[in-house]
Amino acid sequence: MSKILTDHGFLFTTNQDSADIYIVNTCTVRAHAENRALAYTAGLKGWKQKDKRVLAVVGCLAKDKADDIMKALDFVDLILGPDSYRRIGEYVSQIINTGTKIIETRMNDEIYCGIYPTASKVSGFVSITRGCSNYCSYCIVPYVRGQVRSRPADDIYAEIKHLVGKGVKDITLLGQNVNEYNHESVDFAELLEKAADTEGLFRLRFLTSHPKDFDRRIVHIIKDRPNICEWFHLPLQSGNNRVLDLMNRKYTKEDYRALINYIRHDIRDVAITTDIIVGFPTETTEEFEETLSLVKEIRFDNAYMYRYSARHHTEASLFKSLDENTIKRRLSELIQIQSTITKEKTEQMKGKKYEILIEGPARGCASRGKTRGNKDVVVEEKIVPGTVMNVIIQDVRGLTPIADSVT
Ligand code: SAM
Ligand code: SF4
């Protein structure tokens with residue numbers, strides 16, 4: 001969007017007092033994200049009172065709740081669904097000139113072709129697919145993003161080349177399920193290999209791998225390509241087979257365990273992270289405990305843990321939810337167990353050497369870098385972003401390793 005607006009002659013600012021256009025980009029995957037976006041937009045009423053300012057709410061929440069937003073927050077000028085972002089410059093100009101309000105939330109075959117970001121950091125994301133057709137029973141994504149479609153491989157390679165040319169060193173290929181990538185008979189394995197061949201590309205990663213479609217060739221490609229990082233994000237969601245089935249995940253806990261064993265057998269020092277939902281409707285105490293025991297057994301490097309949130313349109317929203325206190329209690333129990341594991345694994349990094357890519361400043365005069373396993377590391381020196389350095393982990397603060405550079 002910022003590239004399109006810049007092409008329309010607008011300038012980018014993060015200073016809201018000097019801004020004429022305010023864009024609130026939204027997510028609706030959980031109720032929490034939705035409520036935050038709505039509260040944030042409501043807080044912009046004062047900003048909007050100044051003449052000729054344009055307030056836009058864009059993204060998945062805008063697609064799902066356009067009418068509700070217009071009713072509750074009638075000072076919003078523009079509502080744009082995720083498939084309409086290409087028209088943002090045109091619509092903003094129209095609103096400035098005519099003062100009309102615009103709502104545009106139609107779904108189409110948008111796949112991000114030909115738009116490459118103007119400004120980039122040291123690390124960047126490149127979308128390879130859009131939408132999702134898996135219909136996990138709790139998930140709103142297929143309804144707000146549409147069916148899965150793959151972006152042409154040549155356009156992906158061109159964006160990677162463009163980013164590398166701008167100094168980006170660490171690129172993550174992004175899709176709801178990267179293993180479903182398929183465009184004119186190029187599959188994800190081929191895409192990954194060719195992307196890794198980009199001249200000057202220092203690090204390559206991908207997110208998210210759905211366990212049901214995991215292609216074991218990927219493990220061998222990673223072993224052969226030094227610039228592909230040894231990190232897999234494999235959302236587990238639940239450690240109980242009945243719940244997994246009810247979630248429509250299409251794998252069992254035995255399949256999941258076998259996959260992790262396969263990866264760990266073949267790649268030394270691999271980092272594995274996950275997503276888990278607790279309190280899915282009808283989840284019993286014993287079933288939740290199965291998730292806890294799988295988490296203890298697998299020992300993820302890190303996990304994003306969520307309490308179940310009923311979402312509009314989804315099959316699971318028709319099921320009776322568990323009571324909120326039970327869900328909260330389960331979530332804090334899971335977080336406590338995983339945090340202990342993350343802490344222990346971080347402590348094990350002490351005294352070891354890691355290659356990190358400095359991404360930016362940390363608090364004070366320290367810098368923050370990333371390992372190949374996607375772990376943030378703090379170095380107590382001011383270092384230029386983009387620097388690659390070898391460090392030795394000296395200490396752990398909270399869950400963050402603190403390192404010294406190796407001379
Ligand atoms: N496509 C990825 C996959 O299938 O693993 C996940 C993408 S989703 C946008 C990110 C995470 O949000 C999911 O892995 C899930 O843990 C969580 N999530 C999605 N819908 C949720 C819901 N209704 N309640 C709680 N967490 C949810
Ligand atoms: Fe949602 Fe991921 Fe399932 Fe697609 S695969 S429906 S994005 S959780």
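Both ligands and their constituent atoms are indexed starting at 1 by order of listing.
By heavy-atom distance, the residue among His312, His233, Arg249, Arg145 lying nearest atom 3 (C) of ligand 1 is Arg249. If you check each of Met305, Arg307, Gln237, Arg30 against atom 16 (O) of ligand 1, the one with the closest non-hydrogen atom is Gln237.
Ligand 1 places these atoms under 4.0 Å from at least one heavy atom of Arg311: 23 (N). Close approach of ligand 2 to Tyr135 is summarised as follows: ligand atoms under 4.0 Å from at least one heavy atom of the residue are 6 (S). Taking a cut-off of under 4.0 Å to the non-hydrogen atoms of Gln176, the atoms of ligand 2 that pass are 7 (S). For ligand 2 and Arg249, the ligand atoms under 4.0 Å from any heavy atom of the residue are 3 (Fe), 8 (S). Applying the 4.0 Å criterion to heavy atoms of Asn134 picks out, from ligand 2, the atoms 5 (S). Every atom of ligand 2 with a heavy atom of His210 under 4.0 Å away is listed here by number and element: 5 (S).
Of all protein heavy atoms, the one lying nearest to atom 21 (C) of ligand 1 is Tyr138 CD1, 3.7 Å. For atom 5 (O) of ligand 1, the nearest protein heavy atom (residue, atom name, distance) is Pro235 CG, 2.9 Å. Residue, atom and distance of the protein heavy atom nearest to atom 8 (S) of ligand 2 are Tyr138 OH, 3.4 Å. The protein heavy atom nearest to atom 23 (N) of ligand 1 is Ser309 O, 2.7 Å. Looking only at protein heavy atoms, the nearest one to atom 1 (Fe) of ligand 2 is Cys139 SG, 2.3 Å. In terms of protein heavy atoms, atom 11 (C) of ligand 1 is closest to Asp275 OD2, 3.4 Å. The nearest protein atom to atom 9 (C) of ligand 1, hydrogens excluded, is given as Val29 CG2, 3.5 Å; this is a heavy-atom distance. Annotation: atom 6 (C) of ligand 1 to nearest protein heavy atom, Gln176 OE1, 3.9 Å.
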Stepwise side chain to side chain contact (heavy atoms under 4.5 Å, CB included) check, Ile277 with Tyr138: CA-CA 10 Å; Ile277 299 175; Tyr138 51 81; 3.6 Å; yes
Trace of the side chain to side chain contact (heavy atoms under 4.5 Å, CB included) decision for Val270 with Arg264: CA-CA 7 Å; Val270 64; Arg264 284 187 169 155; 3.9 Å; yes
Steps toward side chain to side chain contact (heavy atoms under 4.5 Å, CB included) verdict (Asp197, Arg225): CA-CA 9 Å; Asp197 284 342; Arg225 305 281 172 147; 2.4 Å; yes
Test side-chain hydrogen bond (donor to acceptor under 3.5 Å, both in side chains) applied to Thr342 and Gln338, step by step: CA-CA 6 Å; Thr342 306; Gln338 178 57 44; 2.9 Å; yes
Stepwise side chain to side chain contact (heavy atoms under 4.5 Å, CB included) check, Ile218 with Phe188: CA-CA 8 Å; Ile218 302 295; Phe188 181 60; 3.5 Å; yes
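Between Lys253 and Glu290 there is a salt bridge, with a side-chain nitrogen of the basic residue lying less than 4.0 Å from a carboxylate oxygen of the acidic one. A salt bridge links Glu297 with Arg257; the closest basic N to acidic carboxylate O contact falls under 4.0 Å. Remark: Arg106 does not engage Asp83 in a salt bridge, criterion side-chain N to carboxylate O under 4.0 Å. Between Arg363 and Glu380 there is no salt bridge, since no side-chain N of the basic residue sits under 4.0 Å from a carboxylate O of the acidic one. The pair Asp301-Lys345 meets the salt-bridge criterion, since a charged nitrogen lies less than 4.0 angstrom from a carboxylate oxygen.
Heavy atoms of other residues, nucleotides or ligands lying less than 6.0 angstrom from NZ of Lys353 number 12 at most.
Atom 4 (Fe) of ligand 2 has an N, O or S atom of Cys132 closer than 2.8 Å. Here Cys136 reaches atom 3 (Fe) of ligand 2: one of its N/O/S atoms is less than 2.8 Å from the metal.
Counting only N and O atoms by type, the side chains of Lys65 and Thr28 include no donor and acceptor under 3.5 Å apart.
Not a single heavy atom of Asn177 sits less than 4.0 Å from an atom of ligand 1.
Below 3.5 Å of separation, one finds no N or O of Tyr306 facing any N or O of ligand 1.
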